[in-house]
Amino acid sequence: MRIKPQSTIYMAGGFRSNWQERFRKLEHFKFIDPSQHGLRDPAEYTQWDLDAIQRSDVLLAYMERDNPGGYALALEIGYAKALGKTIILVEDPGQPERSRYFEMVRQVSDYCFDSPDRCVEFLEELAYTSAQ
């Protein structure tokens, strides 16, 4: 398995719902959370994000229902894929008009989940079985 305890996980996705809190509670992983950098200039935060993806082992991408298009998320996923990173995609269900256009993103993802809770359970189980 390509995800191990102590892997560094970059959390890509929206900043409105505070979804990152669920993941930061997982003790067996290191998280890079771009919602915490506080940068406002697009050139600065884009470079920060790309540098952080380079430093990570895994990209965790959350496509929330209220994300207007997922363009930045798709960029982050594509960049991570080009770097050979493991990609976890969490995609809220119920967006058929967007879902069909997001298929390429699903295809490059190593793991796909339909809720953050299912992804948290997966990572918890992974950490537990690795500790055995």
Side-chain angles (χ1 to χ4, degrees):
M1 187 149 291
R2 294 167 26 194
I3 305 172
K4 300 176 183 151
Q6 299 308 311
S7 290
T8 299
I9 300 175
Y10 176 86
M11 295 190 285
F15 297 166
R16 294 182 188 144
S17 70
N18 208 22
W19 62 271
Q20 297 89 343
E21 285 296 318
R22 295 180 196 163
F23 290 93
R24 281 197 298 261
K25 292 177 183 177
L26 296 172
E27 298 173 357
H28 299 288
F29 302 96
K30 300 172 190 169
F31 290 97
I32 299 175
D33 183 357
S35 72
Q36 303 295 306
H37 62 51
L39 299 172
R40 300 275 185 238
D41 177 64
E44 289 180 15
Y45 66 69
T46 300
Q47 191 59 56
W48 190 98
D49 291 354
L50 296 178
D51 292 343
I53 292 168
Q54 283 184 351
R55 293 190 317 271
S56 70
D57 303 305
V58 177
L59 180 115
L60 168 60
Y62 182 29
M63 184 60 185
E64 292 180 275
R65 181 172 291 127
D66 67 351
N67 188 320
Y71 304 113
L73 188 67
L75 167 75
E76 291 168 315
I77 292 168
Y79 187 65
K81 183 67 174 179
L83 294 173
K85 308 295 180 175
T86 299
I87 299 168
I88 302 172
L89 175 63
V90 178
E91 184 182 8
D92 283 340
Q95 298 292 316
E97 67 281 353
R98 178 176 56 203
S99 183
R100 69 181 184 166
Y101 297 110
F102 219 62
E103 188 57 42
M104 286 180 71
V105 173
R106 277 187 224 97
Q107 292 301 314
V108 301
S109 299
D110 299 289
Y111 303 93
C112 295
F113 298 94
D114 63 3
S115 77
D117 292 336
R118 289 181 196 248
C119 185
V120 166
E121 290 170 8
F122 167 75
L123 292 172
E124 286 174 335
E125 180 66 25
L126 190 65
Y128 175 78
T129 56
S130 294
Q132 300 299 335

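Atoms considered below: every heavy atom in the structure, side chains included; atoms not considered: hydrogens, waters and symmetry mates. Everything numeric here is computed off the predicted structure, so don't read it as measured data. Positions are given from 1, in the same order as the sequence printed here.
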- Answer yes or no: does atom CZ of Arg118 have more than 12 heavy-atom neighbours from other residues, nucleotides or ligands under 6.0 Å? no
- Message: Tell me if the CD atom of Glu27 is crowded by more than 12 foreign heavy atoms within 6.0 Å.
- Response: no
For residues [X] and [Y], report the shortest heavy-atom separation together with the two atoms involved.
X: Leu26; Y: Glu124; result: CD2-CG, 3.3 Å
X: Pro34; Y: His37; result: O-CD2, 3.0 Å
X: Glu76; Y: Ala12; result: OE1-CB, 3.2 Å
X: Ala127; Y: Pro5; result: CA-CG, 4.0 Å
X: Ala74; Y: Val105; result: CB-CG2, 4.3 Å

Are [X] and [Y] grouped together when hydrophobic residues (ILVMFWY) are joined by side-chain heavy atoms under 4.5 angstrom apart?
X: Met104; Y: Tyr62; answer: no
X: Leu75; Y: Met11; answer: no
X: Tyr79; Y: Leu39; answer: yes
X: Val108; Y: Ile53; answer: yes

Distance from [X] atom [atom1] to [Y] atom [atom2], nearest 0.5 Å?
X: Tyr111; Y: Thr86; atom1: OH; atom2: OG1; answer: 6.5 Å
X: Leu60; Y: Ile32; atom1: CG; atom2: CD1; answer: 12.0 Å
X: Asp114; Y: Met63; atom1: CG; atom2: CE; answer: 15.0 Å
X: Ile88; Y: Leu59; atom1: CD1; atom2: CG; answer: 8.5 Å
X: Ser109; Y: Phe102; atom1: OG; atom2: CZ; answer: 8.0 Å
X: Gln20; Y: Asn18; atom1: CD; atom2: CG; answer: 6.0 Å

- Message: Show, in sequence, the C-alpha distance, side-chain angles and deciding distance for Val58 and Ile87, and conclude whether the side-chain contact (heavy atoms from CB on, under 4.5 Å) test is met.
- Response: CA-CA 6 Å; Val58 177; Ile87 299 168; over 6 Å; no
- Message: I'd like to know if the side chain of Asp57 pairs up with that of Tyr10 as donor and acceptor (distance under 3.5 Å, no hydrogens or angles considered).
- Response: no
- Message: Quick one, Val120 with Phe23, criterion side-chain contact (heavy atoms from CB on, under 4.5 Å). Give me CA distance, side-chain angles, the key distance, then yes/no.
- Response: CA-CA 7 Å; Val120 166; Phe23 290 93; 3.6 Å; yes
- Message: What verdict does the side-chain contact (heavy atoms from CB on, under 4.5 Å) test give for Trp19 and Glu64, after you've listed the backbone C-alpha separation in whole Å, the side-chain angles of each residue and the deciding distance to 0.1 Å?
- Response: CA-CA 9 Å; Trp19 62 271; Glu64 292 180 275; 3.6 Å; yes
